[in-house]
Amino acid sequence: MLSGCRRALPAALRLAVRGWAGGGGRRRVSTSWSPVGAAFDAKQQRSRLTGQSTGLFGVPELSSPEGFQEAQEKALQETEQLVQKACTTPPGPQIVMIFDQLSDALCRVADLADFVKIAHPDFAFREAAEETCRNIGTMVEKLNTNIELCQSLKQLLANKEVMDSLDPETRQVAELFMFDFEISGIHLDEEKRKRAVDLNVKILDLCNQFLIGAHLPNKIDKQILPEHIRYNFAVEGNYIQITGLHADCSDDLVREAAYKIFLYPNAEQLRCLEELLTSRNHLAQLVGYNTFAHRALQGTMARTPEKVMQFLETLSDRLFQRTLKDFEMMEGMKMKLNPQNSKLMPWDHPYYSGVLRAERYNIEPSLYCPFFSLGACMEGLNFLFNQLLGISLYAEQTEKGELWCEDVRKLAVVHENEGLLGYIYCDFYQRADKPHQDCHFTIRGGRLRKDGEYQLPVVVLMLSLPHSTRSSPTLLTPGMMENLFHEMGHAMHSMLGRTRYQHVTGTRCPTDFAEVPSILMEYFASDYRVVNQFARHFQTGQFSWFILLPLSLLVFYAVLDQLYHGEHPLKRSTTEILKETQEKFYGLPYVPNTAWQLRFSHLVGYGAKYYSYLMSRAIASMVWKQCFVQNPFDRAMGERYRREMLAHGGGKEPMLMVQGMLQKSPSVEDFVNALVSDLDQDFETFFMDSE
């Protein structure tokens, strides 16, 4: 889901010293801001608090768990008033504005609660937030099947004279609201509309249940594991707790044990997944789609599951021989390290991919950790954003009660001319009961308010980084650094997607476009010219360089996702489908008594859309090679990127944004070529040779 020591006084700070009052919400640039890098590298530093008191994210009601009920009631009361207003307002742009206010009233509470329910360390807060999510979600589904409300929008869309007078963004938003009605079953009779609402609420509950189960650890009697590997896992009394796959561990036995134990099937989680997939299919067919995938892909760049599978199968065919060659090389490496068992298994692939990378490019990820202190990485991001977009990041003091954990940092995002653009809360560190996933959460979307002021966007970036120690700051592996850049790409999209309507602000756009800005940041993270701006040993100040090559399992995961959301009833169990798909598209054998799909948390938020990571990566690759490969700090290209791709959020057709940036409309073959070319050694080593 940034910065510090600079040679010259940053433009934003120069403006602050002059007392300039900036554009984003017309808030004065704060002289209490501090350099961002220092805020993250100060050992054991806590967030600085002002003397004032408030609630979570500055919402006064949320100073206690009970405040969620109050915030929810206020949102529902405002919703009722806006529905009445929408149903009595004649066709015109005001209808779209009211619909967006309606969306904002619900999202301001639901989005915040969606984050709190999984991330807050206090169970009472999590429980209250989850109940609020459910209640607001139920209201949304009822509104999406409200005939009178839909009729007010239909009258606008049917009035050609009025529609022709609207600006393109307003027309797009009006059509998107109508699309929400249509996929929710507004055309059905009353009984079927109620069934659609009930199914949506059931799916919401099943998604929450599946997410919780996907992150739960598995326990095993510690006597079962060899004593010499037990220290790699958490011990609880007589049990060892397995919380993940330990994919980067150099010990083959540790990886094997973690894989087999963590992925051991859970009957309740399996039932939840099957019921979720069945319910999604029932909903899709009820509202008129052949499969859930057909429903989910409406409005995306891919548009249909047939187009997605064409893309995935073409890519798989192109990767086949290369994958076999890599597997052979990895097996050779494994044989050198473990002659008794050289067969490559699924728990080996991620680790030996790193070994292969290190050997091929003469790098060793663990040796680079001292070069990637979190503060240095934040300084690097700050430098990059300043060069490309004229943006600086500053740590800001918080009020008592504003944060959910004392090690969270709040960043102000400031443009050199436009002023304060929004806020990023950085929840970067590991803690008990915090999900081990890297995510970007929208807490409040940006929009133009009735009073002419702009509602500043607020987001959270959640990572799982180790804490600093007495002897060193938080140190990132190359993979951690890449994830940080990825999530900051989402954050910049949220900050710069300054649309008139919050319904399409920032990352509120089709999923296969939403990942483009984040994946593009990975290309910057792997460019030596960018890394050399900040990668210094935290003690010696020496420089470093590395490169990461993503892709591997994405095709397999994306195909599996399509099959699960395709024709129902499924012809085989989800595990049998996994086994067949893994062997066909991945090439490594299925491990008996494992069920990786039960840990596939992306099935919740990316159901039928996991391919988006690949399609977005292809677009990001094309943007990188065409616009930034010659100069990653090109301000003109940065401004063009903002203008063509970031500024519109979901207020413009995604393919039109891609065309504006690339000056062409890419085909499936173009997507595949872009991904395959990233794996060519000549391209990968270009940066190493060009120093």
Worksheet item: Side chains of Gln562 and Tyr610: does their closest heavy-atom pair fall under 4.5 Å?
Response: no
Discussion item. The test is side chain to side chain donor-acceptor pair (under 3.5 Å); show your working for Glu515 and Ser612 and say whether it passes.
Written reply: CA-CA 7 Å; Glu515 291 296 332; Ser612 297; over 6 Å; no
Discussion item. Quick check for you: to the nearest 0.5 Å, what is the distance between Cys377 atom SG and Met481 atom CE?
Written reply: 5.5 Å
Fill in: Verdict with supporting geometry, Leu411 and Tyr423, side chain to side chain contact (heavy atoms under 4.5 Å, CB included)
CA-CA 6 Å; Leu411 303 184; Tyr423 292 106; over 6 Å; no
Worksheet item: Taking the six-membered ring of Tyr454 as reference, does the NZ or CZ atom of Arg449 fall below 6.0 Å from its centre and within a 45° cone about the axis?
Response: no
Worksheet item: Do any N or O atoms from the side chain of Arg529 and from the backbone of Phe633 form a donor-acceptor pair under 3.5 angstrom?
Response: no
Discussion item. When you measure from the side chain of His187 to the backbone of Phe181, do you find a donor-acceptor pair of N or O atoms at a distance under 3.5 Å?
Written reply: no
Worksheet item: Can the ring centres of Tyr613 and Tyr606 be said to be less than 6.0 Å apart?
Response: yes
Practice prompt. Report the C-alpha distance between Leu578 and Phe556 in whole Å, list the side-chain angles of each, state the deciding distance to 0.1 Å, and finish with yes or no for side chain to side chain contact (heavy atoms under 4.5 Å, CB included).
Written response: CA-CA 9 Å; Leu578 169 76; Phe556 160 46; 3.4 Å; yes
Item to complete: State which residues pass ring pair (Phe, Tyr, Trp, His ring centres under 6.0 Å) with Phe57; sequence neighbours excluded, sorted by chain then number.
Response: Trp404, Tyr425
Worksheet item: Between Arg318 and Asn673, does any side-chain donor sit less than 3.5 Å from a side-chain acceptor?
Response: yes
Item to complete: Would you give the length of the straight line joining atom OG1 of Thr505 to atom CG of Asp100, rounded to the nearest 0.5 angstrom?
Response: 9.5 Å
Item to complete: Could you tell me whether Glu653 and Arg303 have a side-chain N and a carboxylate O separated by less than 4.0 Å?
Response: yes
Discussion item. Walk me through whether Glu567 and Asn281 qualify under side chain to side chain donor-acceptor pair (under 3.5 Å).
Written reply: CA-CA 8 Å; Glu567 291 185 7; Asn281 184 70; over 6 Å; no
Discussion item. Applying side chain to side chain contact (heavy atoms under 4.5 Å, CB included) to Thr291 and His568, what does each step give before you reach the verdict?
Written reply: CA-CA 8 Å; Thr291 68; His568 275 245; over 6 Å; no
Discussion item. When you compare the side chains of Tyr501 and Thr170, does any donor N or O come within less than 3.5 Å of an acceptor on the partner?
Written reply: yes
Worksheet item: Does Ser103 use its side chain to pair, donor to acceptor, with the backbone of Phe99 at less than 3.5 Å?
Response: no
Discussion item. Please report the interatomic distance CG(Leu381) to CD1(Ile391), rounded to the nearest 0.5 Å.
Written reply: 12.0 Å
Practice prompt. Look at the aromatic rings of His503 and Phe177 and report parallel, tilted or perpendicular, splitting at 30° and 60°.
Written response: parallel
Discussion item. With a 4.5 Å cut-off on side-chain heavy atoms, are Arg295 and Asn290 touching?
Written reply: no
Practice prompt. Using modelled atom types only, decide if a donor and an acceptor are shared between the side chain of Arg599 and the backbone of Ala214 within a distance under 3.5 Å.
Written response: yes
Practice prompt. Taking all non-hydrogen atoms of both residues into account, name the closest pair between Ala525 and Val531 and its distance.
Written response: O-CG2, 3.2 Å
Worksheet item: Going by heavy atoms in the side chains, are His648 and Pro654 under 4.5 Å from each other?
Response: no
Worksheet item: Is the backbone of Lys142 close enough, under 3.5 Å, to the side chain of Thr145 for a donor and an acceptor to pair up by distance?
Response: yes
Worksheet item: So, for Met178 and Leu157, which heavy atoms are closest and what is the spacing to 0.1 Å?
Response: CB-CD1, 3.6 Å
Worksheet item: Is there a side chain to side chain donor-acceptor pair (under 3.5 Å) between Glu306 and His294 once you walk through the steps?
Response: CA-CA 9 Å; Glu306 291 79 16; His294 284 90; 3.1 Å; yes
Worksheet item: In terms of ring plane angle, is the pair Tyr557 and Phe600 parallel, tilted or perpendicular, where the classes change at 30° and 60°?
Response: tilted
Worksheet item: Would a distance-only check, ignoring hydrogens and angles, find a side-chain to backbone donor-acceptor pair under 3.5 Å from Glu141 to Val201?
Response: no
Worksheet item: Could Asp678 and Arg617 be called an ion pair, given the rule that one side-chain N must be under 4.0 Å from one carboxylate O?
Response: no
Worksheet item: If you measure only the distance, is there a donor-acceptor pair under 3.5 Å linking the side chains of His490 and Ser518?
Response: yes
Worksheet entry | Ion pair check, Glu453 and Arg447, cut-off under 4.0 Å | no
Practice prompt. For the pair Lys434 and Asp427, find out whether any cationic side-chain nitrogen is under 4.0 Å from an anionic carboxylate oxygen.
Written response: yes
Worksheet item: With no hydrogens and no angle check, do the side chains of Asp438 and Asn483 hold a donor and an acceptor under 3.5 Å apart?
Response: yes
Worksheet item: Looking at Arg498 and Pro457, what are the two nearest heavy atoms and their distance?
Response: NH1-CD, 4.3 Å
Worksheet item: Hey, are the side chains of Met495 and Leu456 touching, using non-hydrogen atoms and a 4.5 Å cut-off?
Response: no
Worksheet item: Can you tell if the side chain of Gln437 reaches within under 4.5 Å of the side chain of Met462, non-hydrogen atoms only?
Response: yes
Item to complete: For the pair Asp164 and Lys160, find out whether any cationic side-chain nitrogen is under 4.0 Å from an anionic carboxylate oxygen.
Response: yes
Worksheet entry | Heavy-atom side-chain contact between Gln659 and Gln663 under 4.5 Å | no
Worksheet item: Roughly how far apart are Leu675 CG and Met615 CE, rounded to 0.5 Å?
Response: 9.5 Å
Fill in: Any donor-acceptor N or O pair under 3.5 Å, side chains Asp670, Ser667
yes
Fill in: Sub-4.5 Å side-chain heavy-atom contact between Ile424 and Met488
yes
Item to complete: Please examine the side chains of Arg171 and Met163, heavy atoms only from C-beta on, and report whether any two atoms are closer than 4.5 Å.
Response: yes
Practice prompt. Using a strict cut-off of less than 4.0 Å between a Lys/Arg side-chain nitrogen and an Asp/Glu carboxylate oxygen, indicate whether Arg640 and Asp634 qualify as a salt bridge.
Written response: no
Item to complete: Look at Asp561 together with Lys609 and state whether they make a salt bridge at an N to O cut-off of under 4.0 Å.
Response: no
Item to complete: Report yes if the distance between the aromatic ring centroids of Phe628 and Phe524 is under 6.0 Å, otherwise no.
Response: yes
Item to complete: Go through the steps to decide whether Asp512 and Ser616 satisfy the test side chain to side chain donor-acceptor pair (under 3.5 Å), and finish with yes or no.
Response: CA-CA 6 Å; Asp512 51 8; Ser616 290; over 6 Å; no
Fill in: Shortest non-hydrogen separation from Ala608 to Ala293 and the atoms involved
CB-CA, 3.8 Å
Worksheet item: Got a salt bridge between Asp111 and Arg508, using NZ or NE/NH1/NH2 to carboxylate O under 4.0 Å?
Response: yes
Worksheet item: Once you round to the nearest 0.5 Å, how far does CG of Leu206 lie from CG of Leu273?
Response: 10.0 Å
Discussion item. With a 4.0 Å cut-off on N to O distance, would you call Glu639 and Arg635 a salt bridge?
Written reply: yes
Worksheet item: Do Arg642 and Glu418 sit within salt-bridge range, that is, some charged N less than 4.0 Å from a carboxylate O?
Response: yes
Practice prompt. Heavy atoms only: give me the nearest Leu153-Ala174 pair and the separation to one decimal.
Written response: CD2-O, 3.7 Å
Response to the item:
Closest non-hydrogen contact found for Met301 with Met655 is SD-CE, 4.0 Å
Worksheet item: Quick one: OH on Tyr586 to OG on Ser316, what's the gap to the nearest 0.5 Å?
Response: 13.0 Å
Discussion item. With a 6.0 Å cut-off (strictly less than), is the heavy-atom count around CZ of Phe320, excluding the residue itself, greater than 12?
Written reply: no
Fill in: Glu482 side chain vs Glu522 backbone, donor-acceptor pair below 3.5 Å
no
